[in-house]
Amino acid sequence: ANSISGSIQADDIGPNARLQSGSGPIHASSVHGAAVLQTGSGNLQLSLTAPGDVQARTGSGSIHIDGIDGGLRAGAGSGSIEVSGNPTSEWRLESGSGAIHLQLAENAHFTLNAQTGSGSVDIEQPIVMQGSIDRRRVSGTVNGGGPTIRANTGSGNITIRRSTNP
């Protein structure tokens with residue numbers, strides 16, 4: 001689906017969905033697999049019901065992704081990024097100005113590389129640190145390591161929590 005200027009709302013759509021708006025929010029729920037969401041200005045909201053890789057980008061607005069089981073590339077020029085799910089391949093999250101909040105399964109195994117220009121990095125899971133300890137930059141492995149999660153923000157906190165879901 002494409003929109004020059006305006007919102008896009010989609011529900012119960014198949015894999016490989018491509019939703020693009022020049023200016024306006026995108027809300028996609030019950031997506032059955034991989035998806036690409038892009039808007040010049042507006043919030044992105046996505047919930048997934050099946051495994052698949054996701055790409056999400058907004059120039060100005062927040063990104064909220066639920067139920068991801070796959071790889072992820074998420075970028076916000078200015079706005080927060082919230083993601084819940086399971087990293088089965090690399091995740092890259094970047095915000096010019098905004099917090100990054102991840103909620104991952106308790107048994108998720110990953111390698112973390114997180115950095116903020118102004119803010120702190122807070123991880124709930126036990127982590128084996130690599131390099132020097134710095135509240136603005138954290139590198140290490142969780143549950144023995146695995147796919148890399150790269151989280152970078154120019155301004156804002158980065159938090160990683162255990163999921164409350166089973």
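Every value quoted in this text rests on a predicted model; they were computed, and no experiment measured them. Counting begins at 1 with the first residue of the sequence.
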Visitor: Please find the pair of heavy atoms, one from S29 and one from D11, that lie closest to each other, and give the distance.
Guide: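 Closest approach of S29 to D11: OG-OD1, 2.7 Å.
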Visitor: Treating S60 as the side-chain partner and S41 as the backbone partner, does any N or O pair qualify as donor plus acceptor under 3.5 Å?
Guide: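 Such a contact is absent between S60 side chain and S41 backbone.
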Visitor: Would you indicate whether H64, at its atom NE2, is surrounded by more than 12 heavy atoms from other residues, nucleotides or ligands within a distance under 6.0 Å?
Guide: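 Atom NE2 in H64 is packed in, count exceeds 12.
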Visitor: Among I65, L93, T159, which one satisfies side-chain contact (heavy atoms from CB on, under 4.5 Å) with L102?
Guide: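 Exactly one candidate clears the test, L93.
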Visitor: Which atom names give the shortest non-hydrogen contact between N157 and S120, and what distance separates them?
Guide: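 Taking N157 first and S120 second, the nearest heavy atoms are OD1-N, 2.9 Å.
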Visitor: Could you tell me the separation between the OG atom of S30 and the CD1 atom of I13, rounded to the nearest 0.5 Å?
Guide: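 If we round to the nearest 0.5 Å, S30:OG and I13:CD1 are 9.5 Å apart.
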Visitor: If only atom types and distance count, is the side chain of S89 paired as donor or acceptor with the main-chain N or O of G71 below 3.5 Å?
Guide: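 Pair found, side chain donor or acceptor close to backbone of G71.
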Visitor: Atom CD1 of I63 and atom CD of E94: how far apart are they, to the nearest 0.5 Å?
Guide: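 So the CD1 of I63 and the CD of E94 are separated by 10.5 Å.
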Visitor: V83 versus W91: any side-chain heavy-atom pair under 4.5 Å?
Guide: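 Yes, at least one pair of side-chain atoms sits under 4.5 Å.
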Visitor: Measure the CD1-NE2 distance between I81 and H101 for me, rounded to the nearest 0.5 Å.
Guide: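 One finds 13.0 Å between CD1 of I81 and NE2 of H101.
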Visitor: Which heavy atom of T88 sits nearest to which heavy atom of G70, and what is that distance?
Guide: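 The pair with the smallest heavy-atom distance is OG1-CA, 3.0 Å.
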Visitor: Please examine the side chains of T49 and V31, heavy atoms only from C-beta on, and report whether any two atoms are closer than 4.5 Å.
Guide: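 Result no, sub-4.5 Å side-chain heavy-atom pair not found.
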Visitor: Quick one: does any side-chain atom of S78 pair with a main-chain N or O of S97 as donor and acceptor, under 3.5 Å?
Guide: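 Not confirmed, S78 side chain does not pair with S97 backbone.
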Visitor: Which atoms form the tightest heavy-atom contact between A76 and G79, and what is the distance?
Guide: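 Reported closest heavy-atom pair: CB-O, 3.7 Å.
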Visitor: Would you tabulate the side-chain donor-acceptor contacts of residues 147-156 under 3.5 Å, counting partners in other chains and residues two or more places apart, or write 'none'?
Guide:
residue, atom, partner, partner atom, Å
R150, NE, E90, OE2, 3.1
T153, OG1, S95, O, 3.3
T153, OG1, G98, O, 2.6
T153, OG1, S155, N, 3.4
T153, OG1, S155, O, 3.3

Visitor: Measuring from atom CD1 of I160 to atom CD of E124, what distance do you get when rounded to the nearest 0.5 angstrom?
Guide: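 Going from CD1 on I160 over to CD on E124, the span is 10.5 Å.
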Visitor: If you look at every heavy atom in T111 and G145, which pair is closest and at what distance?
Guide: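 In this case the closest contact between T111 and G145 is OG1-CA, 3.8 Å.
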Visitor: Is any side-chain N of the basic residue among D122 and R161 closer than 4.0 Å to the acidic one's carboxylate O?
Guide: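 Looking at D122 and R161, the cut-off is met.
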Visitor: Given 3.5 Å as the limit, does a donor-acceptor pair link the side chain of N43 with the main chain of S62, or not?
Guide: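 Here the side-chain-to-backbone pair exists.
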Visitor: In terms of heavy-atom contacts, does CZ of R136 have more than 12 from other residues, nucleotides or ligands at under 6.0 Å?
Guide: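 Atom CZ in R136 is packed in, count exceeds 12.
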Visitor: Can you find a pair of side-chain heavy atoms, one from L46 and one from D66, that are under 4.5 Å apart?
Guide: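 L46 does not reach D66 side chain to side chain.
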Visitor: Say whether H32 and D12, considering side chains only, have a donor N or O and an acceptor N or O under 3.5 Å apart.
Guide: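 Checked: H32/D12 side chains pair up, N/O donor to acceptor below 3.5 Å.
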Visitor: Whether the side chain of E106 engages the backbone of R162 through a donor-acceptor N/O pair (distance < 3.5 Å, no angle test) should be reported.
Guide: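 Pair absent, no side-chain N/O of E106 close to backbone of R162.
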Visitor: How long is the gap from CD on Q9 to CD1 on I26, to the nearest 0.5 Å?
Guide: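 CD1 of I26 is found 11.5 Å from CD of Q9.
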Visitor: Could you tell me which residues satisfy side chain to side chain contact (heavy atoms under 4.5 Å, CB included) with R137, sequence neighbours excluded, listed by chain and number?
Guide: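 Only Q115, D134 meet the side chain to side chain contact (heavy atoms under 4.5 Å, CB included) criterion with R137.
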Visitor: Using a 4.5 Å cut-off on heavy atoms from C-beta on, say whether the side chain of I127 contacts that of L112.
Guide: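 Yes. Closest side-chain heavy atoms under 4.5 Å.
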Visitor: So which atom in T141 and which in Q130 form the shortest heavy-atom distance, rounded to 0.1 Å?
Guide: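 Minimum heavy-atom contact is CG2-NE2, 4.0 Å.
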Visitor: Side chain to side chain contact (heavy atoms under 4.5 Å, CB included) for D69 and L48? Distances and angles first, verdict last.
Guide: CA-CA 8 Å; D69 187 8; L48 297 139; over 6 Å; no
Visitor: With rounding to the nearest 0.5 Å, note down the distance linking OG1 in T116 to CD1 in I158.
Guide: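 Rounded to the nearest 0.5 Å, the OG1-CD1 separation comes to 5.5 Å.
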Visitor: Mind checking whether V121 and M129 sit in one hydrophobic cluster, side chains of I, L, V, M, F, W, Y counted as touching below 4.5 Å?
Guide: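 As far as the 4.5 Å side-chain criterion goes, M129 and V121 are connected within one cluster.
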Visitor: Run the side chain to side chain contact (heavy atoms under 4.5 Å, CB included) test on Q125 and N143 for me, step by step, so that the C-alpha distance in whole Å, both residues' side-chain angles and the decisive distance to 0.1 Å come before the verdict.
Guide: CA-CA 9 Å; Q125 293 89 332; N143 291 329; 5.6 Å; no
